Student: 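Before I ask anything, let me first share the structure, which is written out below as structure tokens.
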Protein chains: 2
Amino acid sequence: MINSSVMPQYQQVATTLRRRIANGEYLEGDIIPPSSELENFFSVSNITIRKALALLSNEGWVRSRRGVGTIVTRAPSSQPLKIAVSGNFTEWVDSASGKSLPIKQTVLECALKPAPSRVSNILECALGDALWTMQRIRRIAGNIISYHVNFGRPEVLGTIKKSTMVPNRNFVDVLRGECGVNLMRMDQTVEAMAADRDLAALLEVEFGTPLFFVENIYLDGADTVVAVSHLYLRGDHYAYQTSISLEDDAHAR
Amino acid sequence: MINSSVMPQYQQVATTLRRRIANGEYLEGDIIPPSSELENFFSVSNITIRKALALLSNEGWVRSRRGVGTIVTRAPSSQPLKIAVSGNFTEWVDSASGKSLPIKQTVLECALKPAPSRVSNILECALGDALWTMQRIRRIAGNIISYHVNFGRPEVLGTIKKSTMVPNRNFVDVLRGECGVNLMRMDQTVEAMAADRDLAALLEVEFGTPLFFVENIYLDGADTVVAVSHLYLRGDHYAYQTSISLEDDAHAR
DNA sequence: ATATAAAAGTATACTATAATACTTTTATAT
DNA sequence: ATATAAAAGTATTATAGTATACTTTTATAT
């Protein structure tokens with residue numbers, strides 16, 4: 001069988017069945033579909049299904065009885081609590097200082113570095129040109145939630161040092177206060193991505209963990225790009241909540 | 001060595017190095033760190049690094065020369081084009097019909113089904129109670145971008161059929177038009193997650209692909225929950241863009 | 001020319017993953 | 001009681017992933 005080789009199949013199957021139970025697709029006391037059927041559905045062998053069920057069995061989700069079937073032994077536990085960050089993407093993305101949640105930031109580095117390709121395109125400089133960069137980590141209750149990288153031309157942002165950012169100052173404030181930039185607009189792009197080993201190490205997560213990737217492009221009054229930020233946000237343990245009024249029909253169309 | 005066993009390590013390393021090159025951390029013509037150093041950094045064996053480099057070599061990113069080192073042979077290609085969906089999460093999430101992009105939806109099923117645990121909590125019914133549910137797929141240019149599941153009490157939403165949704169009608173419209181609901185508010189939660197095999201099959205992606213998971217809770221004038229929607233959105237090939245005015249200081253604090 | 005250090009490459013062995021074909025247990029209809 | 005069908009469980013075998021220890025090639029300083 002061709003496997004485009006990510007996670008071992010038995011673990012993929014286990015993950016999927018676990019979610020089915022957690023979702024309530026199989027209820028406590030139910031007999032789940034027999035191995036033969038699961039083999040068929042997932043296009044894998046007997047042994048792969050068995051290993052998946054063995055995992056679930058060890059975790060206490062199911063119990064297999066020879067000749068009878070595999071029975072769900074545990075109801076879906078109540079939601080694993082996620083830390084909820086309020087406000088929509090627009091708000092929390094680079095201005096998380098004075099909110100209700102105690103977010104702490106650490107500046108890892110603040111130095112001239114070669115421009116990554118994606119940024120050099122935006123800031124209209126050559127690939128590898130030295131840019132002012134700053135790398136930060138943010139935590140809630142000690143847990144890392146995001147990794148921020150800011151880029152800018154050294155002429156404009158060069159005055160920002162590690163010490164400029166304490167305590168928990170945000171980037172927009174500093175751009176205005178220290179660099180005298182007339183900030184007018186931010187173009188924001190949000191994507192979902194998976195952590196590679198570099199990001200996994202920084203964010204203290206497993207390889208493959210889903211992340212939000214946010215790119216902010218800061219523009220001044222003349223529509224010139226002043227700075228670029230790249231934010232990598234853990235998406236697995238944090239939920240981003242917002243409340244939207246539907247009284248006005250306009251945008252629902 | 002303990003591997004919490006996701007993707008094979010040599011592929012993890014390859015993914016990481018590929019991104020370093022694409023980012024411009026290693027430039028064309030550069031000699032990348034020698035295997036011994038990479039072994040050390042990634043805490044893997046010689047052979048694992050070699051397999052990773054063999055992958056990159058086949059893909060034309062690098063060329064290894066015995067006794068010399070491994071040289072980067074390809075500059076980062078220009079951004080792989082992503083389809084950009086404009087507007088922020090608030091807007092595009094369940095109202096994508098009449099936008100500039102030609103989004104087409106297909107109703108997969110519209111039937112009474114047992115409530116998933118997460119939804120039964122919100123709609124305050126027992127786990128497994130029959131709820132009205134509707135499942136939809138949305139495409140842009142033939143490519144699946146999202147999978148939507150709507151839930152509601154059968155007394156309220158039971159009149160909605162497959163045919164009610166054509167052509168490309170959105171859920172909010174139907175709630176108001178067909179069900180006479182006085183919609184007032186929507187509470188939205190956004191998370192990043194990875195596709196299991198069920199979602200992977202529906203969205204036609206690989207297991208592990210990063211997805212946006214959006215939960216919308218629809219409330220009427222009396223703050224009663226009327227309906228719940230679960231949206232699973234491909235996050236890898238689609239970027240969500242918005243432009244934010246920074247003229248007003250208020251929210252940057 | 002030659003020794004040396006630093007790089008990529010190879011040999012061997014062990015473990016995890018997974019396919020195919022077969023066996024045992026259980027419930028149930030006769 | 002007994003045959004049967006349907007379920008989980010086992011044996012065997014092949015292949016992929018990875019670690020350890022070793023070899024060959026290359027550039028360079030003498």
Side-chain angles (χ1 to χ4, degrees), chain A residues 1-17 21 26 29-73 196-197 206-208, chain B residues 1-18 21 26 29-73 196-197 200 206-208:
Chain A
M1 201 251 151
I2 296 142
N3 179 4
S4 63
S5 66
V6 281
M7 189 185 280
Q9 302 201 68
Y10 76 94
Q11 287 189 44
Q12 296 186 19
V13 171
T15 301
T16 307
L17 294 178
I21 296 174
Y26 304 142
D30 276 6
I31 293 186
I32 70 170
S35 336
S36 53
E37 220 169 281
L38 294 175
E39 285 165 36
N40 226 337
F41 181 86
F42 289 114
S43 307
V44 296
S45 78
N46 160 347
I47 228 78
T48 302
I49 296 296
R50 288 191 50 61
K51 287 189 80 170
L53 291 178
L55 280 183
L56 296 197
S57 188
N58 285 336
E59 294 166 11
W61 291 97
V62 299
R63 199 172 145 236
S64 290
R65 293 188 48 209
R66 210 178 215 205
V68 180
T70 299
I71 299 119
V72 178
T73 50
D196 68 8
R197 287 184 74 138
E206 297 277 293
F207 179 96
Chain B
M1 201 254 148
I2 296 144
N3 178 5
S4 61
S5 64
V6 281
M7 189 185 280
Q9 303 200 68
Y10 75 96
Q11 288 188 44
Q12 296 185 20
V13 171
T15 301
T16 307
L17 295 178
R18 215 182 276 116
I21 297 174
Y26 304 142
D30 276 6
I31 292 186
I32 70 169
S35 335
S36 54
E37 219 170 284
L38 294 175
E39 284 165 36
N40 225 338
F41 181 86
F42 289 115
S43 307
V44 296
S45 77
N46 160 347
I47 227 81
T48 303
I49 296 296
R50 286 192 49 62
K51 286 189 80 170
L53 292 178
L55 279 183
L56 296 197
S57 187
N58 285 336
E59 294 166 10
W61 291 97
V62 298
R63 194 166 152 241
S64 291
R65 292 190 46 211
R66 212 179 214 205
V68 179
T70 299
I71 299 119
V72 177
T73 49
D196 68 8
R197 287 186 72 140
E206 296 277 294
F207 179 96

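These numbers come from a predicted model, not from an experiment.
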Student: Rounded to the nearest 0.5 Å, what separation is found between the CE atom of B:M7 and the CZ atom of A:R197?
Tutor: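 Between atom CE of B:M7 and atom CZ of A:R197 there are 11.5 Å.
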Student: Rounded to the nearest 0.5 Å, what's the gap from CG on B:L55 to CG on B:L17? Could you check?
Tutor: 10.5 Å
Student: Just the rounded figure in Å: distance from P of C:dA7 to CZ of B:R63.
Tutor: 18 Å
Student: Would you indicate which nucleotide in C:dA19, D:dA8, C:dT17 comes nearest to any side-chain atom of A:I47?
Tutor: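 Taking heavy atoms from C-beta onward, the closest nucleotide is C:dA19.
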Student: So how far is it from A:L38 CG to A:T16 OG1, rounded to the nearest 0.5 Å?
Tutor: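 It is 10.5 Å, given to the nearest 0.5 Å.
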Student: Would you indicate which nucleotide in D:dA27, C:dA7, D:dA8 comes nearest to any side-chain atom of B:S36?
Tutor: C:dA7
Student: For D:dT28, which nucleotide is its Watson-Crick or G-U wobble mate, given both distances must be under 3.5 Å?
Tutor: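 C:dA3 - that is the nucleotide pairing with D:dT28, both distances being under 3.5 Å.
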Student: Mark yes or no for whether B:T73, through its side chain, and B:W61, through its backbone, hold a donor-acceptor pair below 3.5 Å.
Tutor: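 Yes; at least one donor-acceptor contact below 3.5 Å.
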Student: Under 4.0 Å between a side-chain N or O of A:R65 and OP1 or OP2 of C:dA27?
Tutor: yes
Student: Respond yes when some side-chain nitrogen or oxygen of A:S64 is under 4.0 Å from OP1 or OP2 of D:dA8, and no when none is.
Tutor: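 So the side chain of A:S64 is outside the cut-off, no N or O lying under 4.0 Å from OP1 or OP2 of D:dA8.
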Student: Using whole Å, report how far CE of B:M7 lies from C1' of D:dA16.
Tutor: 15 Å
Student: Give the nucleotide from the list D:dA21, C:dT17, D:dG17 with an atom nearest to the side chain of B:N46.
Tutor: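 The nucleotide sitting nearest to the side chain is D:dA21.
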Student: For B:K51 and D:dT15, what is the distance between atoms NZ and P respectively, to the nearest whole Å?
Tutor: 14 Å
Student: Choose from C:dT17, D:dA19, C:dG9 the nucleotide whose nearest atom is closest to any side-chain atom of A:P8.
Tutor: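 Nearest to the side chain of A:P8 among the choices is C:dT17.
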Student: Let me know the distance between CD1 of A:I71 and P of C:dT26, rounded to the nearest Å.
Tutor: 12 Å
Student: From OH of B:Y10 over to C1' of C:dA16, roughly how many Å is that when rounded to an integer?
Tutor: 14 Å
Student: At their closest point, which heavy atom of A:N46 faces which heavy atom of A:E39, and how far apart are they?
Tutor: CA-OE2, 3.3 Å
Student: Think B:Q9 has a side-chain N or O under 4.0 angstrom from the OP1 or OP2 of D:dA19?
Tutor: yes
Student: Examine C:dA19: is either OP1 or OP2 under 4.0 Å from a nitrogen or oxygen in the side chain of A:T48? Give yes or no.
Tutor: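 A:T48 to C:dA19 OP1/OP2: side-chain N or O found under 4.0 Å.
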Student: Tell me which nucleotide, if any, is Watson-Crick or G-U wobble paired with D:dG17 when both distances must be under 3.5 Å.
Tutor: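 By the stated definition (distances under 3.5 Å), C:dC14 pairs with D:dG17.
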Student: Would you mind reading off the distance between A:R66 atom CZ and C:dT25 atom P, rounded to a whole angstrom?
Tutor: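 Rounded to the whole Å, the gap is 5 Å.
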Student: Check whether any side-chain nitrogen or oxygen of A:T70 sits under 4.0 Å from OP1 or OP2 of D:dA8, and answer yes or no.
Tutor: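 Answer is yes, contact under 4.0 Å.
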Student: Just checking A:R50: base, sugar-phosphate only, or nothing, at a heavy-atom cut-off of under 4.0 Å?
Tutor: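 Answer is base: heavy atoms of A:R50 come under 4.0 Å of a base.
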Student: For B:S45 and D:dA19, is the shortest distance between a side-chain N/O and OP1 or OP2 below 4.0 Å?
Tutor: yes
Student: Please round to the nearest 0.5 Å and tell me the distance separating atom CD of B:Q9 and atom OG of B:S45.
Tutor: 8.0 Å
Student: B:E39 has an atom CD; how far is it from atom C1' of D:dC22, in whole Å?
Tutor: 13 Å
Student: Could you tell me the separation between the CG atom of A:L53 and the C1' atom of C:dT17, rounded to a whole number of Å?
Tutor: 16 Å
